[in-house]
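Quick notes on the structure that follows.
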Amino acid sequence: MTKDYLKNTTRYSPFDFEEKIYNYWIPYFKPSPNKRKTFIILIAPPNVTGSLHMGHTLQNIILDIIARWKRMSGFNVVWLPGTDHAGIATQNVVEKELKKEGLTRFDLGREKFIQRVWEWTHKYGGIILEQFKKLGLSLDWSRKKFTLDKKYVKWVEEAFIRYYRDGLVYRDLRPVNFCPRCQSSLSDLEVEAKEKEDVMYYIKYPLKDGGFISIATTRPETMLGDTALAVNPKDERWVELIGKIAILPIVKRELKIVSDLRVDPKFGTGILKVTPAHSLIDYEIALRHSLEMISVIDEKAKMNENAGEYKGLNYLEARSKIVENLRSQNLIEKEEKIVHSVPHCSRCGTELQVIPSYEWFVKMDKLAKLAYNAVKTKKVNIIPPRFKKPYFDWLKNIRDWCISRKIWWGQEIPVWFCKNCGEKSYVVSIKKPTKACKICKKKNWEKTKEVFDTWFSSALWPFAILYTKEEKKWYPADLVATARDILQLWIARMIFCGIYFMKKPPFKTVFVHPTVLTKEGKRMSKSLGTGIDPLDLIQKYGTDALRFGLMWQLSTHQDLRFDETPIDQGQKFLNKIWNAYRFYVLTKEKIGNQNKKELSKEDKRILKLLQKTKKTVFKNLNNFEIGLALKNLYKFFWREVCDKYLESWKGETKNNITVLEKIMLDSLKLLHPFLPHITQVIYFALGYKKPLFYEKLND
RNA sequence: GGGCGAGUAGCUCAACUGGUUAGAGCGUCGGCUUGACGUGCCGAAGGUUAGAGGUUCGAGUCCUCUCUCGCCCACCA
């Protein structure tokens with residue numbers, strides 16, 4: 001990387017330099033201890049088993065540009081890499097791997113399976129971070145974090161215990177979304193609604209006093225668990241039914257007809273069958289009317305002992321048998337095909353069941369208020385501001401958070417159950433309890449097999465990685481960037497956890513960046529084959545060109561329909577930059593001591609434009625208008641510096657060499673956050689020895 | 001069902017709080033270039049800014065309605 005190399009090479013080749021330059025930088029990415037002003041960026045930890053996609057790429061390039069720019073503006077930048085153990089997601093990846101060997105996790109058993117996931121994690125868990133390096137990210141590699149690090153795990157246990165002591169965590173038997181394949185409960189946010197065609201059955205329920213009423217349902221099999229019927233008191237058609245008794249067909253149970261505002265008169269016949277065990281809305285109604293909860297479906301989506309003659313049947317088999325039975329009694333009034341949305345597991349796509357299960361919940365009312373107020377009072381800024389609305393809406397209508405999972409991979413909940421008494425007797429404690437069970441007076445404790453929702457653990461990420469002795473208490477952070485679908489899942493939860501445990505919100509600014517879509521405007525997805533691998537692009541164009549191409553397309557308010565041509569444009573720009581500096585070196589040599597003392601018209605013009613460009617670029621970076629900032633620079637450097645100013649150096653010189661030097665050095669610095677590798681290479685070629693991001697940008 | 005966003009040159013996008021002939025890049029076409037540039041430079045063509053109505057001296061920009069697309073959220077049994 002000498003001056004001669006620059007002079008003699010007419011084309012910049014990223015592949016000769018990018019990796020070497022990156023390795024050179026690594027030690028300098030550490031925050032320096034002697035600077036006072038810090039700027040702390042919080043990374044969104046990718047899943048350990050993940051591999052780089054466009055979302056990570058866009059998000060982290062944005063952050064890297066900010067990080068480098070902040071460093072060059074005099075800040076001590078803290079940005080730590082890390083990964084998330086990602087409970088269900090990771091477990092599913094390993095299960096798929098097992099499937100290839102013809103095995104399920106049940107064949108291995110819990111312990112061996114967990115061991116297997118650890119092996120997988122050790123073998124492949126570092127890949128995603130290695131891929132992050134290829135993007136040129138200025139992360140502090142001396143401080144890698146993982147959500148199952150010893151210290152991290154401790155934070156999670158302590159948080160749970162603190163919630164428990166404060167009465168914010170409780171255990172309850174209630175219907176939850178349950179995935180029959182993953183064999184676990186899920187939180188509301190892990191449920192994905194999918195459109196599906198089904199049959200709506202109108203079933204006649206006899207009234208005790210004679211006559212029939214009809215009830216619409218797509219799930220006749222759940223009727224075995226009906227414990228009431230409900231109508232809306234405002235529905236004039238049915239008010240007179242309130243208080244009357246109907247007879248549940250097949251089971252012959254008497255059902256009281258209750259009045260509840262949650263019943264939608266426009267749906268079906270306006271009469272709702274209340275099945276508290278298998279419907280969340282019905283459960284709410286049941287609480288209000290003290291109704292019994294009878295579960296008829298088990299966690300494998302099979303009918304249980306309460307289903308009488310249907311016991312053991314899969315719910316779909318049971319459905320058709322029940323419909324058959326009803327038909328034979330002439331109790332089906334009508335059947336119609338409908339399309340409606342049905343909850344599926346967001347991780348494996350299986351249709352979910354709502355079944356009652358003992359789970360741990362976090363009470364959300366107080367915590368939601370904390371998160372709400374932090375944004376309302378602008379202690380946390382969400383940019384662009386329009387994303388505040390979904391954030392507020394979510395917090396306003398929130399239900400308690402189910403934080404236990406019955407999967408195997410994850411952090412165990414610090415709870416001990418009495419082997420003899422089971423559900424009736426448990427102790428919340430990190431260590432095995434020494435006291436005796438209150439019921440059986442024995443000390444026969446066994447740790448629960450349940451693990452935490454992975455988001456319970458990642459909600460603590462900001463202080464678990466930033467607030468430790470060796471990390472110099474870098475809490476709170478200044479900035480976090482996120483895709484918008486993570487706003488509730490992660491951002492909101494970090495905010496209330498941060499305030500609850502640390503008394504301060506975990507960051508000041510949340511930047512919600514655009515989603516990378518395909519050129520057709522569709523979501524990029526591996527399974528649909530519409531994804532583009534950023535690594536392929538790097539191999540084809542180099543990192544700087546990719547960074548240019550992506551940022552060129554970035555605007556704050558519109559999703560990005562990914563187009564490859566700007567990357568090509570980036571490659572040309574790199575070559576233009578390279579040759580501009582060649583010309584600069586050659587010109588300097590040629591001019592020697594024929595320098596002019598005064599400033600020419602061109603000198604003055606370009607200096608003025610430089611100041612103006614700096615101002616707009618900084619303003620745009622401040623507003624996360626990265627695409628605009630890059631365009632400002634592109635135009636300035638190519639159209640003004642190259643096409644006009646450098647051209648004016650050809651022929652008899654009337655310009656001042658010190659101006660040329662300033663323009664070329666300042667341009668290099670300005671370009672560095674966006675195109676870090678090439679600018680560093682040129683910087684070395686010009687004879688400088690430092691990382692370019694150690695230079696001051698705004699003098 | 002609710003919310004948000006977008007529909008501007010062939011393609012991907014700009015145009016700050018409404019203000020002169022609506023701008024870039026790529027693509028197309030025509031020239032030029034052996035004192036940096038596998039290229040570069042100069043220039044041209046190309047748009048009733050989705051549609052309809054309204055406010056205004058003036059609207060891509062504000063209001064209303066319609067259409068199309070996308071995303072997020074939602075316990076419609």
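A note on names: the letters A, B, ... follow the listed sequences, proteins ahead of strands, and every chain is numbered from 1. Predicted model only: the values in this text are computed from it and were never measured.
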Using the ring of each side chain (for Trp, its six-membered ring), is A:F637 parallel, tilted or perpendicular to A:F573, with breaks at 30° and 60°?
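Taking A:F573 first and then A:F637, their aromatic rings stand perpendicular (interplane angle over 60°).
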
Hey, can you tell me if A:Y581 and A:Y584 have their rings parallel, tilted or perpendicular (30° and 60° cut-offs)?
perpendicular

Looking at [X], does any N or O in its side chain come under 4.0 Å of the phosphate oxygens OP1/OP2 on [N]?
X	N	answer
A:K650	B:A36	yes
A:S555	B:A14	yes
A:R399	B:C75	yes
A:T10	B:G38	yes

Kindly give the atom pairs (protein nitrogen or oxygen, nucleotide nitrogen or oxygen) under 3.5 Å for nucleotides 18-24 of chain B.
none

Pair of N/O donor and acceptor under 3.5 Å linking [N] base with [X] side chain:
X	N	result
A:K7	B:A36	no
A:K389	B:C4	no
A:Q553	B:A14	no

ring-ring contact (aromatic ring centres under 6.0 Å, His included) between A:Y634 and A:W552: does it pass, once the steps are laid out?
CA-CA 10 Å; A:Y634 178 85; A:W552 183 265; 4.8 Å; yes

CD of A:Q539: more than 12 outside heavy atoms within 6.0 angstrom?
no

Provide, to the nearest angstrom, the distance between the CZ atom belonging to A:F562 and the C1' atom belonging to B:U12.
11 Å

Whole angstroms only, please: what is the CZ-P distance between A:R561 and B:C71?
10 Å

Using atom types as modelled and distance alone, determine if a side-chain donor or acceptor of A:D282 lies under 3.5 Å from a backbone N or O of A:H278.
no

Donor-acceptor under 3.5 Å (A:N632 side chain, A:T613 main chain)
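The answer is no, because no donor-acceptor pair under 3.5 Å joins these two groups.
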
If you measure from the P atom in B:C4 to the same atom in B:U66, how many Å do you get, rounded?
15 Å

